Amino acid sequence: MKVSALIGAIGLAALPGAVAEQGKFERDSAQLAADVIRRALPNAPNGYTPTNVTCPSSQPSIRSAAKLSPNETSWLEIRRNKTLTPMKEFFNHVSVGGYDVGSYIDKHSSNISNIPNIAIAVSGGGYRAMLNGAGALKAYDSRVTNGTTTGHLGGLLQSSTYVAGLSGGSWLVGSIFINNFTSVADLQTYSAGEVWQLGNSVFEGPDTGGIQLLDSADYFKNLAEAVDDKKDAGFDVSITDVWGRALAFQMYNATEGGIDYTWSSIAQTQDFKDGNYPMPLVVTDSRYPGQVLASLNATIFEFNPWEFGSFDPTVYGFAPLEYLGSHFENGSVPSNGTCVRGYDNAGFVIGSSATLFNEAITELGSNSSTITAWAENILKDLFESIDSADKDIAEYNPNPFYGYNPESSPFANEETLDICDGGEDGENIPLHPLIQPSRAVDVIFAYDASADTDNNWPNGTSLVATYERSLNSSGIANGTAFPAIPDQNTFVNLGLNTRPTFFGCNSSNITGPAPIVVYLPNYPYTSQSNTSTYQMTYEDWQRDNIITNAYEVVTMGNGTRDGNFTACVGCAILSRSFERTGTDLPDICDQCFENYCWNGTTNATDPSTYAPADLMASSDASFTMMPTILSSVVAVSVALFALV
Ligand SMILES: *[C@@H]1O[C@H](CO)[C@@H](O)[C@H](O)[C@H]1NC(C)=O
Ligand SMILES: *[C@@H]1O[C@H](CO)[C@@H](O)[C@H](O)[C@H]1NC(C)=O
Ligand SMILES: *[C@@H]1O[C@H](CO)[C@@H](O)[C@H](O)[C@H]1NC(C)=O
Ligand SMILES: *[C@@H]1O[C@H](CO)[C@@H](O)[C@H](O)[C@H]1NC(C)=O
Ligand SMILES: *[C@@H]1O[C@H](CO)[C@@H](O)[C@H](O)[C@H]1NC(C)=O
Ligand SMILES: *[C@@H]1O[C@H](CO)[C@@H](O)[C@H](O)[C@H]1NC(C)=O
Ligand SMILES: *[C@@H]1O[C@H](CO)[C@@H](O)[C@H](O)[C@H]1NC(C)=O
Ligand SMILES: *[C@@H]1O[C@H](CO)[C@@H](O)[C@H](O)[C@H]1NC(C)=O
Ligand SMILES: *[C@@H]1O[C@H](CO)[C@@H](O)[C@H](O)[C@H]1NC(C)=O
Ligand SMILES: *[C@@H]1O[C@H](CO)[C@@H](O)[C@H](O)[C@H]1NC(C)=O
Ligand SMILES: *[C@@H]1O[C@H](CO)[C@@H](O)[C@H](O)[C@H]1NC(C)=O
Ligand SMILES: *[C@@H]1O[C@H](CO)[C@@H](O)[C@H](O)[C@H]1NC(C)=O
């Protein structure tokens with residue numbers, strides 16, 4: 001796959017540094033103390049700089065991926081139980097043909113593995129993807145006003161076990177989980193100086209006020225100095241370091257972009273430990289030594305709150321995230337080796353998932369004086385020191401998998417692990433962690449804001465990639481299975497990218513255990529939410545329009561496009577669980593699956609240009625609906641006309 005083709009679909013943009021005068025930015029200590037009380041997250045030993053620390057009593061080591069970590073296993077016991085109440089509440093306002101789901105959940109809750117296990121995935125695609133995903137999470141959030149009324153899906157987030165993000169989607173995941181599981185509504189209603197002020201690009205930095213203490217010049221200095229300090233401490237740096245630091249100013253609700261916030265600290269926060277919210281996952285790809293591009297066989301890595309690693313047969317191991325940056329050899333830090341903490345900076349993690357920014361800079365550079373100034377002043381030193389083929393990577397040095405699984409790992413002899421954008425292998429929705437059999441996920445709500453078509457709409461490309469990868473059963477798939485997915489022409493010809501489509505409804509037609517995938521393609525209801533991956537600034541109204549549009553996408557206009565849709569979401573959630581307990585699904589699910597499950601039909605002829613108009617914009621908007629759902633849409637049309 002060509003980089004130019006990929007960038008459209010994926011990651012994005014930014015910057016880098018050197019420069020820098022000395023001069024620490026003094027943090028107001030009272031403010032810092034307040035931060036510590038508010039959130040348990042700023043636990044890095046020395047800001048952005050990874051720092052030598054005394055090793056823990058047992059040396060940090062790499063764990064085989066054969067099972068889930070003991071940390072995740074014990075957390076799941078707590079979390080899965082905690083999903084019972086929200087799930088029952090969800091089915092209070094989401095009726096599945098009148099079936100008493102609450103009683104079903106009560107009846108089976110003593111064996112928690114019989115209860116539905118729900119995951120949410122948000123694709124890459126820069127700020128477009130972040131905002132689309134935000135609309136989905138908002139719609140699934142019971143904390144939203146009117147979110148738990150008929151036609152809405154509030155509470156699905158509170159009922160879920162996992163939330164995965166990739167590239168732009170990971171910025172959303174970071175914004176929610178580093179900020180103490182804040183809500184999208186709160187992220188939208190900041191007061192001056194807080195997060196999600198996307199009217200200022202990362203190239204300018206935030207306005208001062210509130211938590212933001214730095215003016216533009218100090219912002220630049222702050223970025224450059226952090227990266228310099230890391231370099232001076234003996235760690236390789238890449239453009240991703242600056243990019244991640246800059247993103248953090250937009251995403252993290254703390255002074256200096258939460259410079260001392262680590263990803264591993266999520267595992268230390270009391271609310272997470274108590275299982276009060278789902279587990280965040282961030283996906284990245286890797287570049288094999290000597291290769292310029294990631295292929296479908298690229299090893300996929302994940303960051304979870306405890307670990308960084310891969311289920312793939314190549315690496316098949318996980319490193320303790322808190323000690324990333326330590327000198328691992330052959331699977332552990334030798335007894336005379338050095339332990340390091342503070343490498344897993346929360347900005348660096350979301351920057352690493354979104355490294356396809358170099359090309360974006362090139363793309364934007366010629367017509368943006370700001371970016372040109374950045375490129376000249378801040379990126380210059382880094383650009384000069386980095387081979388042009390390697391600009392889109394994050395360098396992880398020391399490589400925690402050095403000497404680990406040498407028979408299978410292409411990285412075993414590499415001192416540096418080259419990490420790149422999670423969508424670079426074409427799998428732009430972070431499904432990989434969610435289809436691992438050990439996680440036993442039943443249903444994935446997969447939001448796709450990829451820019452597959454010429455005008456930035458999705459056409460199923462990401463699902464096709466995940467399906468193809470799963471077919472390499474003796475190789476990279478390593479025991480993962482995935483529902484059959486048709487070609488992209490079929491997606492467009494059958495309109496599978498114009499409304500939610502379910503895949504894998506019939507579990508016996510899959511080669512192994514796999515979830516139902518509820519595919520939620522970005523589609524215009526009330527606004528053209530197909531902005532360019534390269535768009536680096538969003539005024540508040542545009543940000544909010546995209547969020548609202550995605551809310552409509554995942555609820556089908558709060559049920560106005562299909563009054564049965566929330567019931568059908570209920571069927572997708574319950575399907576695998578009912579199969580395990582030998583329970584018949586309510587009759588309404590037959591109709592739902594007929595309407596929403598892909599039934600194996602294909603039409604691979606070349607479609608004409610795909611350019612959907614707003615579904616709900618005005619009374620003369622064209623209704624480009626699937627014939628299969630037209631029947632249920634008569635009532636909807638009436639409702640729609642009532643709206644305009
Ligand atoms: C995190 O949010 C929860 C729920 O709003 C709140 O109860 C808790 O105090 C917050 N924790 C911190 C450390 O701010
Ligand atoms: C940290 O440990 C490494 C390896 O032992 C050593 O080279 C480096 O000088 C140490 N850094 C500091 C700041 O002590
Ligand atoms: C993860 O589990 C291991 C083994 O039980 C334990 O030593 C470690 O402290 C846990 N990590 C975290 C961050 O809780
Ligand atoms: C599950 O939660 C209930 C309260 O909601 C509690 O009584 C029960 O002990 C919990 N079970 C486990 C296994 O944690
Ligand atoms: C909530 O629903 C009520 C009743 O339909 C409506 O009046 C109100 O505007 C809604 N609020 C929001 C924030 O959508
Ligand atoms: C940011 O932190 C402040 C202070 O704790 C809090 O009032 C505000 O709600 C937070 N914003 C978000 C979006 O979480
Ligand atoms: C996955 O890969 C590992 C390491 O190569 C191997 O030991 C394991 O058997 C594989 N699992 C499956 C289900 O193929
Ligand atoms: C640790 O000990 C081994 C074996 O004694 C030796 O080869 C290695 O150089 C030592 N490493 C460090 C960092 O001192
Ligand atoms: C789907 O997207 C892929 C990836 O961008 C593109 O190559 C292909 O032409 C598109 N096909 C259709 C039918 O939109
Ligand atoms: C991936 O590996 C399989 C063999 O394991 C090979 O058949 C296939 O061609 C490879 N695909 C790519 C894109 O490299
Ligand atoms: C759906 O609900 C959201 C959130 O309350 C609201 O913003 C939107 O206007 C509603 N859309 C329709 C079609 O009712
Ligand atoms: C069943 O699986 C086969 C491939 O294994 C696929 O061709 C077919 O389309 C699938 N049917 C459905 C309904 O998914």
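All values reported here derive from a predicted model rather than from experimental measurement. Both ligands and their constituent atoms are indexed starting at 1 by order of listing.
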Quiz item: How would you list, by chain and number, every residue that makes a salt bridge (Lys or Arg N to Asp or Glu O under 4.0 Å) with K230, sequence neighbours excluded?
Solution: D241
Self-check item: Residue pairs fulfilling side-chain hydrogen bond (donor to acceptor under 3.5 Å, both in side chains) with at least one residue in residues 144-156, sequence neighbours excluded
Solution: H152-Y551
Quiz item: With under 30° as parallel and over 60° as perpendicular, where do the rings of F503 and Y519 fit, or are they tilted in between?
Solution: perpendicular
Exercise. May I ask whether H152 places a heavy atom under 4.0 Å from ligand 11?
Key: yes
Self-check item: N or O contact, T145 vs ligand 5, cut-off under 3.5 Å
Solution: no
Quiz item: Counting both backbone and side chain atoms, is some N or O of N146 under 3.5 Å from an N or O of ligand 11?
Solution: no
Practice problem: If a pair satisfies ring pair (Phe, Tyr, Trp, His ring centres under 6.0 Å) and one of its residues is in residues 319-340, list it, with sequence neighbours excluded. | Solution: none
Practice problem: Kindly assign one of parallel, tilted or perpendicular to the pair W457 and Y523, based on the angle between their ring planes and the thresholds 30° and 60°. | Solution: tilted
Exercise. Below 4.0 angstrom from a heavy atom of E552, which ligand 11 atoms are there? Numbered from 1 as shown, please.
Key: 1 (C), 8 (C), 9 (O), 10 (C), 11 (N), 12 (C), 13 (C)
Quiz item: With a cut-off of 4.0 Å, which atoms of ligand 11 are near a heavy atom of G557?
Solution: 13 (C)
Quiz prompt | Derivation of the disulfide bond (SG atoms under 2.5 Å apart) call for C592 and C571 | solution = CA-CA 8 Å; C592 282; C571 296; 4.1 Å; no
Quiz prompt | Salt bridge D141-K138, side-chain N to carboxylate O under 4.0 Å | solution = no
Quiz item: Can you say whether the rings of F90 and H93 are parallel (under 30°), tilted (30 to 60°) or perpendicular (over 60°)?
Solution: perpendicular
Exercise. Compile the protein residues with any heavy atom at a distance under 4.0 Å from an atom of ligand 2; present them by chain, then by number.
Key: N52, T338
Quiz item: Any side-chain donor-acceptor pair under 3.5 Å between Y396 and S352?
Solution: yes
Self-check item: Y525 contact mode with ligand 11 (heavy-atom cut-off under 4.0 Å)
Solution: neither
